[in-house]
Amino acid sequence: MTGERLHEVLHERVADLPGADLVDAAWARARRTRQRRAVGLASVAVVAVVAVGGGVVAGLGGGDDAEREPAAPASSGATSTPAGAEPRGSYAGAQVWQAPDVADEPNLPRLQGGPLPAEVDLSGAGPVAAGIGRAVAVFEVDDDRGLDRVVAVGEDGTSYTLDVAGIDPWADSGGNRLSPLSRASLAPDGERVFLRQTGALAVYDFGTDEWTRIDLDGRDPEDTWWATDRLLVVPAEGAAPGLVLDADGTRVDTPAVDPPPPVRLLTDDEPYGVPVDARDAIAQGLVLSGDPSRAGPDLRSREGVAVRWGGQSAVLVVPDGPGRRWLQCCPVVGWLDEATVLLESRHSRARVLAWRAGTEELSRVADIRGWRAGDEAFVGSYAIP
């Protein structure tokens with residue numbers, strides 16, 4: 001089923017649902033997040049990497065051995081050029097720009113007026129999220145026992161805690177324990193978030209402070225995603241058909257739409273995270289194959305963010321190195337505008353960065369802080385237009 005046909009069907013099928021007059025606006029926002037979203041987990045200091053289904057859990061050891069961000073050099077009064085992305089030739093027909101090392105990230109200029117606060121606090125020390133209305137981001141932090149805490153960033157920039165008593169880690173059909181939160185969990189308008197449970201979804205409403213449990217009749221919730229602000233898609237699995245569900249659990253009698261194809265530069269590149277689009281532009285995290293016959297610089301074992309817009313392609317590559325950024329380091333967060341993509345830079349001092357695609361303009365948006373020794377990983381989901 002095409003996106004246009006699903007749009008028509010949704011108009012027909014949700015006419016009797018609350019807020020049906022907002023379907024057009026919801027659909028426009030949902031275009032940017034309508035992909036099944038792979039779980040990408042960042043951690044504090046990598047000691048082991050374990051493949052878990054479609055996601056990656058990076059084990060860590062906090063404390064004194066965790067990487068520390070070097071202090072910015074004291075100003076000598078001399079004028080210096082701010083750090084930014086540097087041109088590095090081409091790769092599979094795409095412009096290549098290289099991000100600075102982790103140690104140089106503090107020298108990036110701070111983005112003013114962005115959608116996130118300058119610092120996101122994952123410590124769980126903030127006020128309770130009840131009744132905040134909407135969230136611009138939601139994070140889950142695991143410890144060695146499983147789900148530890150969920151933190152929601154409100155429109156006011158405050159890091160709130162979400163009461164997740166009764167929410168447990170869940171296991172897929174292969175017995176792999178996976179995160180309840182996925183990168184697809186936060187609705188496009190930020191008013192609801194779902195947490196995955198074994199054979200079910202738990203949907204939280206930030207306006208009413210209410211949880212709704214939706215039974216999936218044994219279906220796997222792993223790749224669930226939002227088609228609009230209210231409608232959830234649970235993809236087909238085996239002989240079981242896919243489901244389209246309202247946030248209140250009501251089933252909508254229409255086939256589930258297939259997600260768009262991932263962004264690739266070469267057939268053997270490995271996309272990860274969420275392809276996020278804005279009008280004619282789309283971006284996604286990418287592990288680059290580094291085929292030397294197709295690339296100018298040596299990109300083997302590099303990761304980056306691939307962007308396509310207006311018939312052009314560009315990729316921001318990030319340096320490798322032990323103790324630096326980690327596997328699946330740079331998932332796309334969203335778009336600041338039609339030319340500027342937001343991405344995570346995941347390492348022990350993780351940040352959200354903004355890149356004006358195809359240029360040297362790279363800036364800091366938010367620093368992600370607040371994990372503790374013993375924390376296993378965090379995963380973030382964003383509702384940024």
Backbone N or O of [Y] within a donor-acceptor pair of the [X] side chain at under 3.5 Å?
X: Arg183; Y: Gly380; value: yes
X: Glu360; Y: Glu86; value: no
X: Ser185; Y: Phe194; value: yes
X: Arg264; Y: Thr267; value: yes

Test item: side-chain donor near acceptor, Ser313 and Gln95, under 3.5 Å: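 Side-chain D/A pair, Ser313 to Gln95: absent.
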Side-chain donor-acceptor contact under 3.5 Å, Gln284 with Tyr272: no
Those residues that, when tested against Tyr204, pass ring pair (Phe, Tyr, Trp, His ring centres under 6.0 Å) (two or more places apart): Phe206, Trp211
Considering residues at least two apart in sequence or located in another chain, which fulfil the side chain to side chain contact (heavy atoms under 4.5 Å, CB included) criterion with [X]?
X: Ala357; answer: Val307, Trp309, Trp355
X: Pro117; answer: Val120, Val153
X: Asp367; answer: Arg110, Arg351, Arg364, Arg369

Other ILVMFWY residues reachable from Val263 by side-chain steps of under 4.5 Å: Ile282
Asp121: salt bridge (charged side-chain N to carboxylate O under 4.0 Å, His left out) partners, not counting sequence neighbours: none
Trace of the side-chain hydrogen bond (donor to acceptor under 3.5 Å, both in side chains) decision for Arg149 with Thr161: CA-CA 7 Å; Arg149 58 194 181 273; Thr161 59; over 6 Å; no
